[in-house]
Amino acid sequence: MARQRRRALQPSDIEGLEYFDTLVPLLARLRDFGTQRDRSGNRQLFYDQYVCLLLLYFFSPTITSLRALQQASTLEAVQRRLGIRATSLGSFSEAARLFDAKALHQILQELAGKAAPIVDGPDARQLLHLTAVDGSIFRAFPRMAWALWKDSEHRGVKLHLHFDVFCGIPLDASITHASGSETDQLRAMLKPGRLYVIDRGYLDHELYRKILEARSSFIGRIKDNGAYTVESERPLSAADRAAGVASDELLKRLGTPHHKNELKGHQLRLIKVQRTNDDGALETWWLLTNRLDLPAELVALGYRYRWTVELFFRWLKCVLGCKQLLTTSENGVALQIYTALIASLLIVLWTGRKPTKRTWEMLQFYFQGWASLEEVETHLEKQKRLALKNQETGDPSKNA
């Protein structure tokens, strides 16, 4: 049987375009990027317009491919709101290579700076600026030779993400080949005043020292067979024991005397937390931190919050749809991923809540014209009450 032809997009398929009015001034600075070689003045697709079209791809459920996005650019309502003309596939391909993704990275950081905490309480105040750090791989097309990974059969792109746990936003990001070093990227992206929470993949004594020299702190899981020398043991409270804390030790030295002491002069704690893993077996987390002021139970809680970045990766790929790449160029992939992160940021800034699948579906209903603005606001108020209830129970997995 012949494949059934897909229905063409109609103006009624795309609603809620008034939200894009707030983006036009923000993106206006991008207008002149990539126009240096256009001496004849006949360019029809500019950087800011390209980003708006990418955002439309993420926000509209009816646009699921680059061809659908190209077709959307022919609709009068889209042209009027975004100030664009009908755009060809060739123009999209050129734009992905021409417009430097670094400019979009700057806008991502500026938007992140406008976000306020959406989770409050004594835990959030003591774990101020808790930042979960991790990397995630996006599979690339076979023809993307620049994304070679492992062997000739594997290609991928890695997103290195800093996620502000209590603001619920991507704070900073970098994009490399799938084999890009996560520790090197964290070292290059360090900011002052953060509390970084990292997994065993970031075990690097020199990296820990760099974090401290950047005037930040960390909670990092290390291997449970590492060498160290204890200076003293701190007493455990009832709350510590209830959180599974088995011991809280001040260290004289991390590592053996045969290794360079990268952390000399810095006081560290090693907190061992016992928990039951998903297989029902008992395991022990070894958590290293320089925060002497935090109760051991809060150090354990801070590490549990590291899973929020994993949940955000799932949201980005499975719900937002960033798993499907629209271009094969390295710069174009960076443009798409940065735009997806900006889309997630905009949801938090617009709604004051973390992006969830239910909220995303409601926003899509609104963009399709199926839900009114009042119904969106009712949904958000319900989500706010639910978040407050979960916050009172102290369950970080539900809050995430």
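Just the heavy atoms: all of them, side chains too, but no hydrogens, waters or symmetry mates, feed the values below.
Aromatic ring centres of Trp286 and Tyr228: separated by under 6.0 Å. Here the two rings, on Trp146 and His177, have centers that are under 6.0 Å apart. Taking the centre of each ring, Phe218 and Tyr202 stay at or above the 6.0 Å mark.
The line from OG1 of Thr183 to NZ of Lys210 is 12.5 Å long, rounded to the nearest 0.5 Å. Taking CG of Leu161 as the reference point, atom CE of Met189 lies at 7.5 Å (rounded to 0.5 Å). With rounding to the nearest 0.5 angstrom, the NZ atom of Lys264 is 15.0 Å from the CG atom of Leu254. To the nearest 0.5 Å, atoms CG (Leu53) and OG (Ser73) are separated by 6.5 Å. Here the straight-line distance linking atom CG of Leu69 with atom OG1 of Thr64 works out to 10.5 Å at 0.5 Å rounding. Atom CG of Leu30 sits about 6.5 Å away from atom CG of Leu104, to the nearest 0.5 Å.
No side-chain donor-acceptor contact under 3.5 Å links Gln109 to the backbone of Ala173. A distance-only check finds no donor-acceptor pair linking the side chain of Ser60 to the backbone of Tyr57 [under 3.5 Å]. The backbone N or O of Leu148 sits nowhere less than 3.5 Å from a side-chain atom of Arg155 that would complete a donor-acceptor pair. Proximity of a side-chain donor or acceptor of Asp100 to a complementary backbone N or O of Ala103 within less than 3.5 Å is not detected. In terms of modelled atom types and a separation under 3.5 Å, the side chain of Thr87 and the main chain of Arg85 share a donor-acceptor contact. A donor-acceptor pair under 3.5 Å is formed between the side chain of Ser216 and the backbone N or O of Lys191. Of the possible polar contacts, none joining the Asp279 side chain to the Ala281 backbone as a donor-acceptor pair under 3.5 Å is found. Proximity of a side-chain donor or acceptor of Arg221 to a complementary backbone N or O of Leu203 within less than 3.5 Å is not detected.
Counting non-hydrogen atoms of other residues, nucleotides and ligands closer than 6.0 Å to CZ of Arg200 gives a total of 12 or fewer. The environment of Arg139 atom CZ is sparse: at most 12 non-hydrogen atoms of other residues, nucleotides or ligands sit within 6.0 angstrom. Heavy-atom contacts from other residues, nucleotides or ligands closer than 6.0 Å to NE2 of His259 number 12 or fewer. Open room surrounds CG on Asp278; 12 or fewer heavy atoms of other groups in view lie less than 6.0 Å from it.
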Stepwise, does the side chain to side chain contact (heavy atoms under 4.5 Å, CB included) test hold for Leu326 with Leu54?
CA-CA 10 Å; Leu326 297 176; Leu54 287 178; 3.9 Å; yes
Apply side chain to side chain contact (heavy atoms under 4.5 Å, CB included) to the pair Leu190 and Ile211, showing each step before the final yes or no.
CA-CA 7 Å; Leu190 290 173; Ile211 292 175; 3.7 Å; yes
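Cys318 places none of its side-chain heavy atoms less than 4.5 Å from the side chain of Phe313. Contact of the Glu231 side chain with the Leu251 side chain is not registered, since no non-hydrogen atoms from C-beta on lie closer than 4.5 Å. Looking at heavy atoms from C-beta onward, Leu195 lies in side-chain contact with Leu127 at the 4.5 angstrom threshold. Between Gln70 and Phe92, some side-chain heavy-atom pair lies under the 4.5 Å cut-off. For the pair Glu233/Leu250, no side-chain contact is recorded, criterion being any heavy-atom separation below 4.5 Å from C-beta on. Between Thr131 and Val197 there is no side-chain heavy-atom pair separated by less than 4.5 Å. In this structure, Phe58 and Leu346 have side chains that are not in contact, with every pair of non-hydrogen atoms separated by 4.5 Å or more. When side chains are defined from C-beta on, Pro295 counts as touching Gln126, because their heavy atoms get closer than 4.5 Å.
Remark: Asp204 engages Arg187 in a salt bridge, criterion side-chain N to carboxylate O under 4.0 Å. A salt bridge links Lys158 with Glu182: the closest approach of a Lys/Arg side-chain nitrogen to an acidic carboxylate oxygen falls below 4.0 angstrom. Using a cut-off of 4.0 Å between Lys/Arg side-chain N and Asp/Glu carboxylate O, Glu283 and Arg275 are scored as salt-bridged. Ionic pairing of Lys382 and Glu377 is not present here: no N-O contact between side-chain nitrogen and carboxylate oxygen is shorter than 4.0 angstrom. A salt bridge links Arg291 with Asp293; the closest basic N to acidic carboxylate O contact falls under 4.0 Å. Note on Glu213 versus Arg209: salt bridge recorded, some NZ/NE/NH1/NH2 to OD/OE distance being below 4.0 Å.
Geometrically, Arg194 does not engage Tyr196 in a cation-pi contact defined by less than 6.0 Å to the ring centre and at most 45° from the axis. A cation-pi arrangement is found for Lys317 relative to Phe138, the charged atom lying closer than 6.0 Å to the ring centre and inside a 45° cone about the ring normal.
Shown here for Ala147 and Ala140, the closest heavy-atom pair between the two residues is CB-CB, 4.0 Å. The two residues Leu171 and Asp164 come nearest to each other via the heavy atoms CB-N, 4.3 Å. Here the shortest heavy-atom pairing between Thr327 and Gly332 reads CG2-C, 3.2 Å. Looking at every heavy atom in both residues, Ala96 comes nearest to Leu335 through O-CD1, 3.9 Å. Nearest heavy atom pair, residue Ile169 against residue Ala112, reads CD1-O, 3.5 Å. Looking at every heavy atom in both residues, Thr256 comes nearest to Ala227 through CG2-CB, 3.4 Å.
The only option from Val299, Leu287, Leu236 that meets the side chain to side chain contact (heavy atoms under 4.5 Å, CB included) definition with Val245 turns out to be Leu236. In summary, of the residues considered (Tyr338, Tyr47, Phe46), a ring-ring contact (aromatic ring centres under 6.0 Å, His included) with Phe99 occurs for Tyr47 alone.
In this structure, a donor-acceptor pair under 3.5 Å is present between the side chains of Asp172 and His105. Using modelled atom types, one finds no donor on one side chain facing an acceptor on the other under 3.5 Å when comparing Asn290 with Gln267. A side-chain donor from one of Tyr303 and Asp199 sits under 3.5 Å from a side-chain acceptor of the other. Residues Arg97 and Ser93 bring a donor and an acceptor atom of their side chains to less than 3.5 Å of each other.
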